[in-house]
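We use all heavy atoms of the structure for the numbers below, so side chains are in, but hydrogens, waters and symmetry mates are not.
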Amino acid sequence: LLNLVNDIEADRLNQKLPWIYHGLITPKRVVIYLIILYIFGLGGLAVQGGMMTFLTSVVLFGGLGLLYNIGPSPLKRKPLLSLLMSALIGGGLWIVGAVAVGGILEITMMSLAGYTSAWTAVCLISMIPDIKGDRETGKITFAVKFGAKLTTRFSLVLILISLAYSIFPMDLVLLSRVVISFPFFLTASFSGNIKWITLAAKSSVLTLSIMVAINYVPQYFILIAIYFFLARWYYRTRFNLIYPS
């Protein structure tokens with residue numbers, strides 16, 4: 001949501017996330033929704049994980065998240081700082097989740113490196129389709145600064161780090177996601193084709209979500225399936241958009 005408010009012009013040029021620049025949702029409504037999500041999200045984390053989880057989440061979502069997205073010079077417009085911030089936020093999210101469900105003893109440097117690398121790889125490769133609009137609006141992301149080819153290959157290196165971690169302890173949740181998305185990352189890194197770049201990012205998110213659902217909460221898997229078809233109907237009916245795609 002912060003991205004929506006802060007990247008209206010870039011989204012218009014990249015022809016993505018049209019909610020605000022097409023006037024489907026007003027910026028004021030986005031801000032109200034954002035406040036509601038902060039209250040319920042942080043409140044839920046406080047109840048589930050205790051005060052330490054709550055305070056850590058405030059730093060991650062309220063502190064680093066805001067620095068990354070808003071202000072006269074948000075960090076996401078700086079190539080190396082945005083990469084570092086993405087890694088910190090991704091690693092922090094994973095730690096908060098582990099602590100909240102009582103898995104703090106499972107946190108090791110290897111596991112942290114594996115999941116943070118996977119997160120950062122998807123963040124990086126997702127920047128590539130937005131290069132044109134980001135460049136024209138002065139948003140100098142890692143992909144704008146160093147180009148699509150280097151960005152995809154760096155993403156591939158990060159995926160290999162994730163693969164190396166997930167094999168040895170047989171972390172099936174991460175391993176399955178990496179194995180399925182790896183061919184897309186590999187093909188994208190050598191072909192540079194936007195289709196493979198998009199598939200690399202989407203396959204990563206979808207596979208990870210499904211594996212978490214299967215392993216921990218089967219009901220969530222059912223909700224994903226139901227949501228997809230309901231969302232398709234809703235966005236087609238109200239906005240004439242094919243979403244989610």
Side-chain angles (χ1 to χ4, degrees), residues 41 44-57 59-61 64-65 68 80 82-127 142 150-190 196-225:
L45 284 168
V47 172
Q48 173 71 21
M51 186 54 64
M52 185 55 67
T53 302
F54 171 75
L55 292 174
T56 305
S57 301
V59 172
L60 282 171
F61 305 138
L64 298 183
Y68 183 79
L80 296 180
S82 66
L83 179 63
L84 175 62
M85 290 290 286
S86 294
L88 286 174
I89 292 172
L93 286 170
W94 184 75
I95 291 173
V96 167
V99 172
V101 298
I104 190 169
L105 296 178
E106 298 177 20
I107 298 175
T108 65
M109 288 304 297
M110 284 186 62
S111 61
L112 181 59
Y115 277 91
T116 302
S117 295
W119 165 282
T120 309
V122 177
C123 288
L124 275 174
I125 207 162
S126 299
M127 295 176 183
F142 187 95
L150 181 61
T151 303
T152 52
R153 293 185 178 176
F154 189 29
S155 297
L156 180 64
V157 171
L158 292 173
I159 288 296
L160 289 171
I161 293 172
S162 298
L163 180 63
Y165 155 71
S166 58
I167 287 174
F168 293 113
M170 286 304 292
D171 185 335
L172 293 179
V173 172
L174 185 60
L175 178 61
S176 60
R177 172 257 194 228
V178 173
V179 167
I180 291 173
S181 62
F182 176 75
F184 299 123
F185 276 88
L186 183 64
T187 306
S189 68
F190 287 101
W196 294 106
I197 290 170
T198 302
L199 284 171
K202 289 190 174 183
S203 65
S204 300
V205 175
L206 177 63
T207 308
L208 184 60
S209 186
I210 290 175
M211 283 305 298
V212 169
I214 290 173
N215 278 274
Y216 298 106
V217 190
Q219 297 93 325
Y220 180 53
F221 184 74
I222 297 171
L223 287 173
I224 292 174

Trainee: Under 3.5 Å, side chain of Arg177 to main-chain N/O of Ala118, donor-acceptor pair present?
Mentor: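 Side chain of Arg177 to backbone of Ala118: a pair is present.
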Trainee: If I take atom OG1 from residue Thr151 and atom CG from residue Leu83, how far apart are they, to the nearest 0.5 angstrom?
Mentor: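 So the gap between those two atoms works out to 9.5 Å.
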Trainee: Got a second to check how far Cys123's SG is from Met85's CE, nearest 0.5 Å?
Mentor: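 Answer rounded to 0.5 Å: 11.5 Å.
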Trainee: Could you tell me which residues satisfy ring pair (Phe, Tyr, Trp, His ring centres under 6.0 Å) with Phe185, sequence neighbours excluded, listed by chain and number?
Mentor: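 Here no residue qualifies.
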Trainee: Are the side chains of Phe142 and Leu124 in touch, meaning some heavy atoms are under 4.5 Å apart?
Mentor: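 A side-chain contact under 4.5 Å exists here.
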Trainee: For a side-chain contact (heavy atoms from CB on, under 4.5 Å) check, start with the C-alpha distance between Leu93 and Val96, then their side-chain angles and the critical distance, and finish with the verdict.
Mentor: CA-CA 5 Å; Leu93 286 170; Val96 167; 5.8 Å; no
Trainee: Apply ring pair (Phe, Tyr, Trp, His ring centres under 6.0 Å) to Trp119 and list each qualifying residue two or more places apart in sequence or on a separate chain.
Mentor: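 With sequence neighbours excluded, Trp119 shows a ring pair (Phe, Tyr, Trp, His ring centres under 6.0 Å) to no residue whatsoever.
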Trainee: So which heavy atom on Ala188 is nearest to which on Ile125, and how close?
Mentor: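 It is CB-CD1, 4.3 Å.
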Trainee: Return yes if some donor-acceptor pair links the side-chain N/O of Ser111 with the main-chain N/O of Thr108 below 3.5 Å, else return no.
Mentor: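 Answer holds: yes.
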Trainee: Sequence neighbours left out, what passes ring pair (Phe, Tyr, Trp, His ring centres under 6.0 Å) with Phe182? Give chain and number order.
Mentor: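 Not a single residue meets the ring pair (Phe, Tyr, Trp, His ring centres under 6.0 Å) criterion with Phe182.
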Trainee: Answer yes or no: is there a donor N or O on one side and an acceptor on the other, between the side chain of Thr187 and the main chain of Phe184, under 3.5 Å?
Mentor: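 Answer holds: no.
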Trainee: Please name the pair of heavy atoms, one in Thr116 and one in Ala87, separated by the smallest distance, quoted to 0.1 Å.
Mentor: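 Answer, listing the atom of Thr116 first, then Ala87: CG2-O, 3.3 Å.
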Trainee: Between the side chain of Ser209 and the main-chain N/O of Leu206, is any donor-acceptor distance below 3.5 Å?
Mentor: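 No: the side chain of Ser209 does not pair with the backbone of Leu206.
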Trainee: Which pair of non-hydrogen atoms, one from Ser189 and one from Arg153, has the smallest distance, and what is that distance?
Mentor: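 Smallest heavy-atom distance, with atoms named: O-NE, 3.0 Å.
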Trainee: Determine whether a donor-acceptor pair (N or O, by modelled atom type, separation under 3.5 Å) exists between the side chain of Ser181 and the backbone of Ser204.
Mentor: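 No; judged by distance alone, with no hydrogens or angles, the pair does not exist.
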Trainee: So if I apply the side-chain contact (heavy atoms from CB on, under 4.5 Å) rule between Lys202 and each of Val205, Thr198, Leu199, which one comes out positive?
Mentor: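 Of Val205, Thr198, Leu199, side-chain contact (heavy atoms from CB on, under 4.5 Å) with Lys202 is met by Thr198 alone.
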Trainee: What's the spacing between Tyr165 OH and Leu174 CG if we round to 0.5 Å?
Mentor: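 The distance works out to 7.0 Å.
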Trainee: Using atom types as modelled and distance alone, determine if a side-chain donor or acceptor of Ser86 lies under 3.5 Å from a backbone N or O of Thr120.
Mentor: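 The answer is no, because no donor-acceptor pair under 3.5 Å joins these two groups.
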Trainee: Return yes if some donor-acceptor pair links the side-chain N/O of Ser126 with the main-chain N/O of Val122 below 3.5 Å, else return no.
Mentor: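 A pair under 3.5 Å: yes.
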Trainee: I'd like to check Trp94 versus Ile89 (side-chain heavy atoms, cut-off strictly below 4.5 Å). Are they in contact?
Mentor: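 Side chain of Trp94 against side chain of Ile89, heavy atoms only: no contact under 4.5 Å found.
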Trainee: As an exercise, state the distance from CE of Met110 to CG of Asp171, rounded to the nearest 0.5 Å.
Mentor: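 So the gap between those two atoms works out to 10.5 Å.
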Trainee: Have a look at Ile180 and tell me which of Leu208, Ile210, Thr207 forms a side-chain contact (heavy atoms from CB on, under 4.5 Å) with it.
Mentor: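 The side-chain contact (heavy atoms from CB on, under 4.5 Å) with Ile180 is passed solely by Thr207 among Leu208, Ile210, Thr207.
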Trainee: Please round to the nearest 0.5 Å and tell me the distance separating atom OG of Ser117 and atom CG of Leu158.
Mentor: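 One gets 5.0 Å once the value is rounded to the nearest 0.5 Å.
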